[in-house]
Colleague: 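Quick one: this structure, given as structure tokens, is what I'll be asking you about.
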Amino acid sequence: MKKKLSKQRVGKVIEILENHYGDEGCGLDFRTPYELLVATILSAQCTDVRVNVVTDELFKDYNTPQKMLTLSQQKLQEHIRSCGLSKTKSKNILATSRLLLQVFDGEVPKTMEELTELPGVGRKTANVVMSNAFGADAIAVDTHVFRVSKRIGLATGNNVLQVEKELMEMLPKSYWSKAHHWIIWHGRRLCKARNPECPECPLKEICLYKDKTVAEI
DNA sequence: AACTCGGGGCA
DNA sequence: TGCCCAGAGTT
């Protein structure tokens, strides 16, 4: 039996998150489509803070497919070492850059189908590019968004597709991008997968998950 | 659905 | 030391 979601409640949750976080934690949405694509590939199993440190340096000289391909895989691997999984990621970034030049005329494609064809680009990365770079009607659901949305009562689904659909239904489109950031930031800072800091949480009065000390989601 | 990739931050 | 991290690909 699914719990019913109320738009009124959702509005309250978003209002609280906005007042609490505002412009904090505006991670990966300020780059060009290519930079955003590369940064998001790098973000797998790695915190946004580390991705930003690495890409701030990397993109000074290598912010297009052409420039990226002047790097050997070995050299790129050294640049992105601290993001982890650097062997796979460097290989995928170079293969993707090659495909962009050979198949997509040097541009980042604008459909989910084409994006997910690129090596190292899965549903989540494609979604981030579609929504953040091209303003498409999409909300990227990662582990934080999935967990936090369910805890604070923005979604009830049991997979990312359901949660994505619910969030798009429950949130005004003008808030999709901002809400996405707030939810992720909240998941990093307080609503952590394990040992969430509920006493510090601005949502503790209305959260469905309050007072839990062990993660169940 | 479960497993692997992986270096660095933090307890 | 051991655990964890804005996922993707393979089996």
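A, B, ... follow the sequence lines: proteins, then strands. Residue 1 opens every chain. No experiment lies behind these values; they were computed from the predicted model shown.
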Colleague: Could you check how far CG of A:L42 sits from P of B:dG6, rounded to whole Å?
Modeller: 13 Å

Colleague: Where do A:T55 and A:R31 land on the side-chain hydrogen bond (donor to acceptor under 3.5 Å, both in side chains) test, with the steps shown first?
Modeller: CA-CA 10 Å; A:T55 53; A:R31 307 174 191 278; 2.9 Å; yes

Colleague: Using whole Å, what does the distance between atom P of nucleotide C:dG9 and atom NZ of A:K124 come to?
Modeller: 13 Å

Colleague: The side chain of A:R188 is closest to which nucleotide in this list: B:dG6, C:dA6, C:dC4?
Modeller: C:dA6

Colleague: Applying a 4.0 Å non-hydrogen cut-off, can you work out what A:V121 is touching in the nucleic acid: base, sugar-phosphate, or nothing?
Modeller: sugar-phosphate

Colleague: Heavy-atom nearest nucleotide on DNA chain C for A:H144 versus A:T116: which residue maps closer to 5'?
Modeller: A:H144

Colleague: Map A:C46 and A:P119 onto DNA chain C by nearest heavy atom, then report which one ends up closer to the 5' terminus.
Modeller: A:C46

Colleague: Specify the separation, in whole Å, of atom CG of A:L167 and atom C1' of C:dA6.
Modeller: 15 Å

Colleague: Write down the distance between NZ (A:K91) and P (B:dG6), rounded to a whole number of angstrom.
Modeller: 10 Å

Colleague: Using the C1' atom as the point on both nucleotides, what is the distance between C:dA6 and B:dA1, in whole Å?
Modeller: 23 Å

Colleague: Find the distance A:D48:CG to B:dG9:C1' and express it as a whole number of Å.
Modeller: 13 Å

Colleague: Mind calculating the distance between CG (A:N195) and P (C:dC3) to the nearest angstrom?
Modeller: 14 Å

Colleague: For A:W182 and A:Y175, take the angle between the two ring planes, folded into 0 to 90°, and tell me which bin it lands in: parallel under 30, tilted 30 to 60, perpendicular over 60.
Modeller: tilted

Colleague: Counting side-chain heavy atoms from C-beta on, which of C:dC5, B:dG6, C:dG7 comes nearest to A:T47?
Modeller: C:dC5

Colleague: Round to a whole Å and report the spacing from CD1 of A:I41 to P of C:dC5.
Modeller: 21 Å

Colleague: So, OP1 or OP2 of C:dA8: does either fall under 4.0 Å of a side-chain N or O from A:T88?
Modeller: no

Colleague: Are A:Y62 and A:H79, when compared by the centres of their aromatic rings, separated by less than 6.0 Å?
Modeller: yes

Colleague: Can we say A:E164 and A:R123 salt-bridge, meaning some charged N sits less than 4.0 Å from an Asp/Glu carboxylate O?
Modeller: yes

Colleague: Can you tell which of C:dG7, C:dA6, B:dG6 lies closest to the side chain of A:K87?
Modeller: B:dG6

Colleague: Tell me whether the OP1 or OP2 atom of B:dG9 has a side-chain N or O from A:R50 closer than 4.0 Å.
Modeller: no

Colleague: Between A:K67 and A:D61 (salt bridge meaning N to carboxylate O under 4.0 Å), is one present in this structure?
Modeller: no

Colleague: Could you tell me how far B:dG6 sits from C:dT11 if I compare only their P atoms? Round to whole Å.
Modeller: 16 Å

Colleague: What's the closest nucleotide to the A:A193 side chain, out of B:dG8, C:dC5, C:dG7?
Modeller: C:dC5

Colleague: Is A:E169 paired with A:K165 through a side-chain N to carboxylate O contact shorter than 4.0 Å?
Modeller: yes

Colleague: According to a strict under-4.0 Å criterion, is A:R194 in side-chain N/O contact with OP1 or OP2 of C:dC3?
Modeller: no

Colleague: Between C:dC5, B:dG7, C:dG7, which nucleotide gets closest to the side-chain atoms of A:R81?
Modeller: B:dG7

Colleague: Report yes if at least one side-chain N or O of A:T125 is closer than 4.0 Å to OP1 or OP2 of C:dA8; otherwise report no.
Modeller: yes

Colleague: Which part of the nucleic acid, if any, lies within reach of A:G84 when heavy atoms closer than 4.0 Å are counted: base, sugar-phosphate only, or nothing?
Modeller: base

Colleague: Could you check how far CD of A:Q45 sits from P of C:dG9, rounded to whole Å?
Modeller: 14 Å

